[in-house]
Amino acid sequence: MKIKFAGAAGGNVTGSRHLITFNGKNILLDCGMFQGRRDEEYETNTHFLFDPKTVDAVILSHAHIDHSGDLPVLVKQGFNGPIYSTHATRDLCNYMLMDSAFIQEREYEFLKKRDADKKTGKEKKELRPPIYGTEDAQKTIGQFQSIDYERTFSPVPGMVVSFYDAGHILGSALVHMIFYDKKTKKYLKICFTGDLGRRGLPLLRDPQPIPETEILISECTYGNRLHAALQTVEQDLAVIVNDVCKKGGKLIIPSFALERAQEVVYYLNILNKKHLIPEIPIYVDSPLSVNVTEVFRSHPECFDKDTYEKFIEKGDDPFGFERLTYTGSAQESKDLNNKKGPMIIISASGMCEHGRILHHLRNNIDNRKNTVLIIGYQAENTLGRKLVNGEKRVNIFGEPKDVKADVFVMDAFSAHADRSDLLEYIGRIEGLEKIFLVHGEEKQENSFSESLHQNGYANIAIPKLGEEVEIPFE
Ligand SMILES: [Zn+2]
C-alpha cells in the first residue's frame with residue numbers, strides 16, 4: 001500500500017487530495033480546489049499529481065470547496081467512478097459545485113466585458129477560461145453515492161470504510177478505513193480526519209470518537225493556535241454591530257456560504273431575540289447561502305441537542321427572522337449598493353477571492369464608516385489574508401483600492417479544532433502508531449508535530465507535497 005500526498009500537504013492548506021494505492025486500486029481522499037496566487041491556482045487545479053483516469057473511487061470528507069471543489073476537473077479529465085460521501089455532503093455539493101462553476105463563468109464574462117470596455121489599446125493579458133463549467137459539475141454530481149454515518153461500505157475489494165461525524169460543518173466526516181492484506185493476512189486501520197471540528201459549535205454535534213486506528217492522516221490548520229472561546233462570540237459580535245450602527249455604515253462579513261453564513265445568522269438571531277443589537281436590516285447576499293440554508297433545513301438529523309431545544313422543538317427556524325433578507329438575484333445584490341447604512345451584509349466567498357463579496361468590498365472598502373469583519377480562515381495570498389495583515393491598499397478586480405474601512409478579525413468562529421482540541425481528540429484514539437500531518441501552513445505543522453512529540457507520540461511525519469509513502473502491513 002502507498003499513500004501519495006497530492007494536495008494540502010507540505011505547508012499547503014487548500015486543495016486537499018490524498019491518493020491511496022492498495023492492491024493495484026487507486027482511492028482518492030478528497031479532491032479540493034487550491035486557492036492562492038492566480039497562476040499557481042490555475043496550474044494546481046488543472047494538473048493532478050496522478051492520472052485521473054486511473055482513480056477507481058473518491059471518498060469525500062466534506063463539502064467545503066478546498067476539499068470538493070476540483071472534483072469536476074477530475075471528472076472532466078476522465079474519472080468516471082463513484083464519489084462516496086454522507087447524504088448532507090452530497091446535497092451540499094450539489095449546490096457548491098454548480099455555484100463554483102457559475103462563479104467562474106460569470107467572472108470570466110465580467111472581466112472579458114470590462115477589458116473590452118477599457119479600450120486602452122495596451123496588450124492585454126489573455127483571460128483564462130473557467131477550469132470547469134456547469135455541465136462538468138452536473139456530471140460530477142451524478143457520480144455521488146451517499147452513505148449514512150457509521151454504515152460500512154467497500155469502495156474496492158479488501159477495503160471497508162465508515163464515516164464518523166467530524167463536527168466541522170454539516171455532513172462532515174472522519175473517514176475510517178480498514179484494509180485487509182491477503183498475503184500477510186493482516187489488517188491495517190487508517191483514518192483521515194478531513195477537517196476536524198470543535199466541541200460546542202452552534203448547530204452541529206461534537207466530533208464523534210473513532211474506532212481503533214493505527215495510522216492517522218490529520219489536519220492541523222490551527223496546530224499552534226488556541227481559539228478564543230466560543231462563549232465570547234455573542235458579546236464580540238454585539239460590540240461590532242453596535243459600533244457600525246453608531247458610524248451609520250455597513251458591516252460587510254465575507255463568509256463561506258456554507259456553515260459560517262448559517263452560524264452568523266444563528267448568532268444574529270440570538271442577539272436579536274435578546275435585543276442586544278439595534279433593529280437594522282441584515283442581508284445574506286449569496287444565492288448559494290440561500291440554497292445551502294435549505295439543505296441545512298432538510299438535514300435536522302445533523303443538528304445538536306441545543307439547536308433542537310432552542311429552535312426546532314419550539315417550531316422556530318434557526319435560519320430566519322424578521323429583519324433578515326436572503327437576496328437571490330444579481331439586481332437585488334446591486335441594489336444593496338444604493339441602500340444607506342447601517343446594515344449588515346453577509347456574502348461569499350469567504351476568502352474574498354470570488355463572487356459577490358468582491359463587488360461589496362470594491363464599493364465599500366474605501367469608506368471609513370464601514371467595517372469589514374473577517375470570521376474565517378484566510379489562505380496565504382488571498383485578498384482576505386491581505387486585509388487581515390492590515391494592508392492599506394489592495395487590488396480588487398485588478399484595480400487598486402484604499403482600505404479605509406475598519407477591519408476586524410474574529411477567530412472564535414473557526415470551525416476547525418485548535419491545538420488543544422486536536423491533542424485531546426488524538427489522545428483518545430486507541431492503537432495509534434503513526435501520524436501524518438497535512439492541511440496546515442509550515443509553521444502550524446512543525447509546531448503541532450512538536451506538541452505531539454511532547455505528548456509522547458514518536459512517529460510523526462510531515463509529508464511534502466507530492467511525496468509518496470510506502471505503508472507496510474506489519
Ligand atoms: Zn473544511
Side-chain angles (χ1 to χ4, degrees), residues 7-9 12-18 28-36 58-71 83 85-86 88-93 95-97 99-100 149 163-175 191-199 201-208 217-223 225 227 254-264 288-289 292 295-296 299 302 348-351 353-354 374-380 382 384-385 411-418 421-422 425 437-441 444-445 448:
N12 289 289
V13 180
T14 60
S16 176
R17 299 162 201 173
H18 310 291
L28 182 63
L29 305 175
D30 286 352
C31 188
M33 189 180 266
F34 174 85
Q35 286 176 294
V58 173
I59 304 174
L60 179 60
S61 66
H62 65 293
H64 269 153
I65 277 299
D66 63 323
H67 292 257
S68 70
D70 222 25
L71 281 167
I83 300 165
S85 76
T86 63
T89 296
R90 177 208 53 203
D91 289 355
L92 288 168
C93 278
Y95 291 115
M96 302 285 289
L97 298 180
D99 179 79
S100 171
Y149 283 112
F163 292 130
Y164 291 87
D165 200 332
H168 167 65
I169 61 166
L170 194 83
S172 65
L174 292 131
V175 182
C191 183
F192 170 50
T193 62
D195 286 350
L196 188 67
R198 305 166 70 184
R199 282 185 294 179
L201 281 178
L203 305 167
L204 301 176
R205 289 188 299 245
D206 292 345
Q208 211 179 356
I217 305 169
S218 176
E219 71 125 326
C220 58
T221 318
Y222 289 112
R225 285 279 297 276
H227 295 316
S255 163
F256 292 107
L258 168 52
E259 195 73 36
R260 203 58 50 83
Q262 289 75 27
E263 285 172 16
V264 178
L288 178 58
S289 288
V292 165
V295 178
F296 268 71
H299 285 282
C302 297
S349 77
M351 298 194 202
E353 280 294 275
H354 307 279
I374 305 277
I375 53 170
Y377 174 78
Q378 307 296 319
E380 278 182 285
T382 58
R385 182 66 162 255
D411 72 358
F413 268 106
S414 178
H416 282 274
D418 66 7
D421 298 323
L422 281 165
Y425 190 84
L437 294 181
V438 296
H439 203 288
E441 288 173 14
Q444 308 285 337
E445 288 177 330
F448 189 55

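Just follow the structure's listing: the first ligand is 1, and inside any ligand the first atom is 1.
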N/O/S atom of Asp195 under 2.8 Å from the Zn ion (ligand 1), yes or no? yes

How long is the straight-line distance from CD of Glu445 back to OG1 of Thr221, given to the nearest 0.5 Å? 9.5 Å

Centroid-centroid distance, His67 to His168, less than 6.0 Å: no

What's the ND1-the Zn ion (ligand 1)-NE2 angle here (His64, His62), rounded to 10 degrees? 100°

Ion pair present between Arg17 and Asp70, side-chain N to carboxylate O less than 4.0 angstrom? yes

Distance check below 2.8 Å: does His168 bring an N, O or S atom to the Zn ion (ligand 1)? yes

Is the distance from the ring center of His416 to that of Tyr377 below 6.0 Å? no

